[in-house]
Amino acid sequence: MNIFQKIKKTIKDMSPKNIFRLTCAICFIFMVAGVINLHNAVSSLMPQEKVKVEPTTVNYTEFMKKVTAHELTKATILADRIEATEKSGTEIVLYHGRILTEPTLPKVMDEAGVEVSFPEEDAPGIGDYIGIIFAVLFPLSMMVFFVAAGTLLYPQIKEKFSASWMRIVPKTGVTFKDVAGQDAGKEELEEIVTFLKHPEKYSDTGARVPCGVLMIGPAGTGKTLLAEAVAGEAGVPFLACTGSDFSNKFVGVGRDRVEAMFKKARKFKKCIIFIDEFDSVARVRGASNSDVGREQDTTLNQLLTEMSGFGKRGNVVVIAASNRLDVLDPAAIRPGRFDRHVLIGLPDIKDREDILKVHTEDKIPLDKDVDLNVVARGTPGFSGAQLEMLCNEAAVLSSRRGSKLVTAADFESARDKVLMGLESKNKTTDQAERKLTAYHEAGHALLACANPHSDPVHQMTIMQRGTALGMMMRLPEKEKLSVTLAQLKADLDVVMAGRAAEEIVFGKEFVTSGAMSDIERATDIATNMVVNWGMSEAIGMRKIAQSPLGYGEIVDREIKAVLDGAYLRAIETLNSQRPALDAIAEALLERETLSGKEVRAIYKASLEPLAA
Ligand code: ADP
Ligand code: MG
Ligand code: ZN
């Protein structure tokens, strides 16, 4: 390390206070230097005294006596005095104070053999004035410069070195008990807790060390809370920051902050780093060629570098939270980085009830008429944070009435109040839309149950996720390398059944735009069947390439025929098994999420009366 690096490092490690002090000290030195300089300049302006030997002051009479006695050799006539040298070498001076009006004196002295001279008056020259100006202006300007630079740079310096953006909690005191529901998330995070508690187990067995967990889910679903709980359960410090802390207006701050954060984290040996709003750091790199984009790239690069160096550098686990996975840079979610993904969804009825319990137990005294299950039923689409708000609001309302106990009516009014603030945001709370979504998803599910060639239903929900109002998910029982025509047909039927159910239940005029992604999916399958997989009789076993104008009329007609066929089959099946459709839709409206097992049970039960 050379001296410059050393100095750079020292300055970097200095606290803003010390930097400010240093600036002040430098200013002070300049001021002192300026004052000394000024003194010199001023004294240089003063008439220069020849202070070798102090000349003896004489009066006029004595002086004239010496002149006439030829005792003087030299005399210099100055404005206010005459300086003369005696033969013996002693200097004398006669002060006349400009009242010497005797013009004959030089002549008299000259005649007495004295060498008379009139030297130039030493008036201050222009150079002296420039000297003064410099002497005053230089330190002044230096002072102004340093103060200005100090004030200008102070915020940046502070940004750079202060850690106020980081929230450091030595003990969070939060445990998994404080987080209701989110069982899948907890299970995944349990491993992180184990790792932090017993890291040696991991290094002994050579098991892959967890280093990055990404939590994906809508706002207010308890992501921060869960991260705190991990730190609490493991008994390690919790370092929290937000993605936007790294997208600072000053260049390089993001990168430096990442570095600072990990430095701090490693000091703790074991700890959790929590990065909220992760998408604002980890957007796809190189996506924008702007300065902001490049700045973000370096920040993310730094983060990934710090993370890949883990294991060796202490047991630090990074937990990041974001509400969207799609915008994240794939490099960030590669193995060895944020490779563990935990989906945190909105709570369903049972979870909502648990969350309400967490936030009322020991905190809010409830009246006997309050049934949290009923409250949970009445709050579809609420997040954990909104439920907490609901509890607080209810408590406020009851205390306003002067009552000690919170009643069911309080919860009702509180819900209306919270809802009013959410109305526009929460579409699922619209009852008509919920019902339509329930039937749409039930249509998909029913066809999946009815057709033995379809993959079984895994889970379904009418809770809003992103832009989707609901979803029905199937899972193949085993990995498939090729698909049969029967399976493809079953897939098409299932996909078509959403819109078909809407039409059957609500009428042709009331179908919605909600089937957009279904249509896309179905068109993909049908197109592949016709042009790639030789499953259309009119086309036969031919591969059809797409021209700029499309596939051509015959192919388009074939695709439409395949789709129409599927739609008709879906309508038929739904009509013939209407009770099952109603049963699944009703169960969904009541419970919001259903597991595959539950769906199959409902389907079977509603078929039995038919069979009997
Ligand atoms: P996110 O980080 O996902 O936006 P937070 O963790 O900040 O959500 O949640 C905000 C608050 O909502 C929490 O402090 C907690 O009081 C409440 N909350 C959210 N989810 C839950 C839950 N599952 N159990 C208990 N409380 C919850
Ligand atoms: Mg949060
Ligand atoms: Zn659908």
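Counting starts at 1 for both ligands and their atoms, following the listed order.
For the 3.5 Å distance criterion, the side chains of Ser536 and Glu558 qualify, holding a donor opposite an acceptor. For the residue pair His453 and Asp491, no side-chain donor N or O sits within less than 3.5 Å of a side-chain acceptor on the partner.
Looking only at protein heavy atoms, the nearest one to atom 2 (O) of ligand 1 is Thr224 OG1, 2.5 Å. Residue, atom and distance of the protein heavy atom nearest to atom 6 (O) of ligand 1 are Leu225 N, 2.9 Å. From the protein, the heavy atom lying nearest to atom 23 (N) of ligand 1 is Ala180 O, 2.8 Å. What sits closest to atom 4 (O) of ligand 1 on the protein, heavy atoms only, is Gly220 N, 2.7 Å. The protein atom (non-hydrogen) at minimum distance from atom 18 (N) of ligand 1 is Gly384 C, 3.7 Å.
With rounding to the nearest 0.5 Å, the separation of CG in Leu372 from CG in Asp354 is 9.5 Å.
Residue nearest to atom 26 (N) of ligand 1, selected from His359, Glu228, Glu388, Gln386: His359 (by heavy-atom distance). Closest heavy-atom approach to atom 12 (O) of ligand 1 among the candidates Gly217, Gly222, Ala385, Pro347: Ala385.
Judged by the shortest distance from any of its heavy atoms, Ala321 lies outside the 4.0 Å radius around the atoms of ligand 1. Taking a 4.0 Å cut-off on heavy atoms, Gly181 fails to register as neighbouring ligand 1. For the ligand labelled ligand 1, residue Asp178 lies inside the 4.0 Å heavy-atom shell.
The shortest heavy-atom contact between Val396 and Ser399 is O-OG, 3.0 Å. In this structure, Ala442 and Met460 approach most closely via the heavy-atom pair N-CE, 3.9 Å. The two residues Ala448 and Asp455 have their closest heavy-atom pair at CB-O, 4.2 Å.
Ligand 1 has no nitrogen or oxygen under 3.5 angstrom from a nitrogen or oxygen of Val358. Note: no N/O pair closer than 3.5 Å links Gln182 and ligand 1 by distance alone.
Of all the atoms in ligand 1, the ones that sit under 4.0 Å from a non-hydrogen atom of Ala219 are 4 (O). Listed by number with element, the atoms of ligand 1 under 4.0 angstrom from any heavy atom of Val179 are 23 (N), 24 (N).
Only side-chain heavy atoms of Ile355 come within less than 4.0 Å of ligand 1; its backbone N, CA, C and O stay farther off. Contacts of Lys223 with ligand 1, taken as heavy-atom pairs under 4.0 Å, involve both backbone and side chain.
A salt bridge does not link Lys186 to Glu190: none of the charged side-chain nitrogens sits closer than 4.0 Å to a carboxylate oxygen. Under 4.0 Å is where a charged nitrogen must lie from a carboxylate oxygen, and between Asp410 and Arg401 at least one such pair does. Salt-bridge annotation for Asp556 and Lys560: absent, with no side-chain N of the basic residue lying under 4.0 Å from a carboxylate O of the acidic one. Between Arg377 and Glu592, no side-chain nitrogen of the basic residue sits less than 4.0 Å from a carboxylate oxygen of the acidic one, so the salt-bridge criterion is not met.
In this pair, Tyr439 and Phe506 present their aromatic rings perpendicular. The plane angle is above 60°, beyond the 30 to 60° band.
Vertex the Zn ion (ligand 3); arms to His440 atom NE2 and His444 atom NE2; angle 100° (nearest 10°).
Checking Asp518 against the Zn ion (ligand 3), an N/O/S atom falls under the 2.8 Å cut-off.
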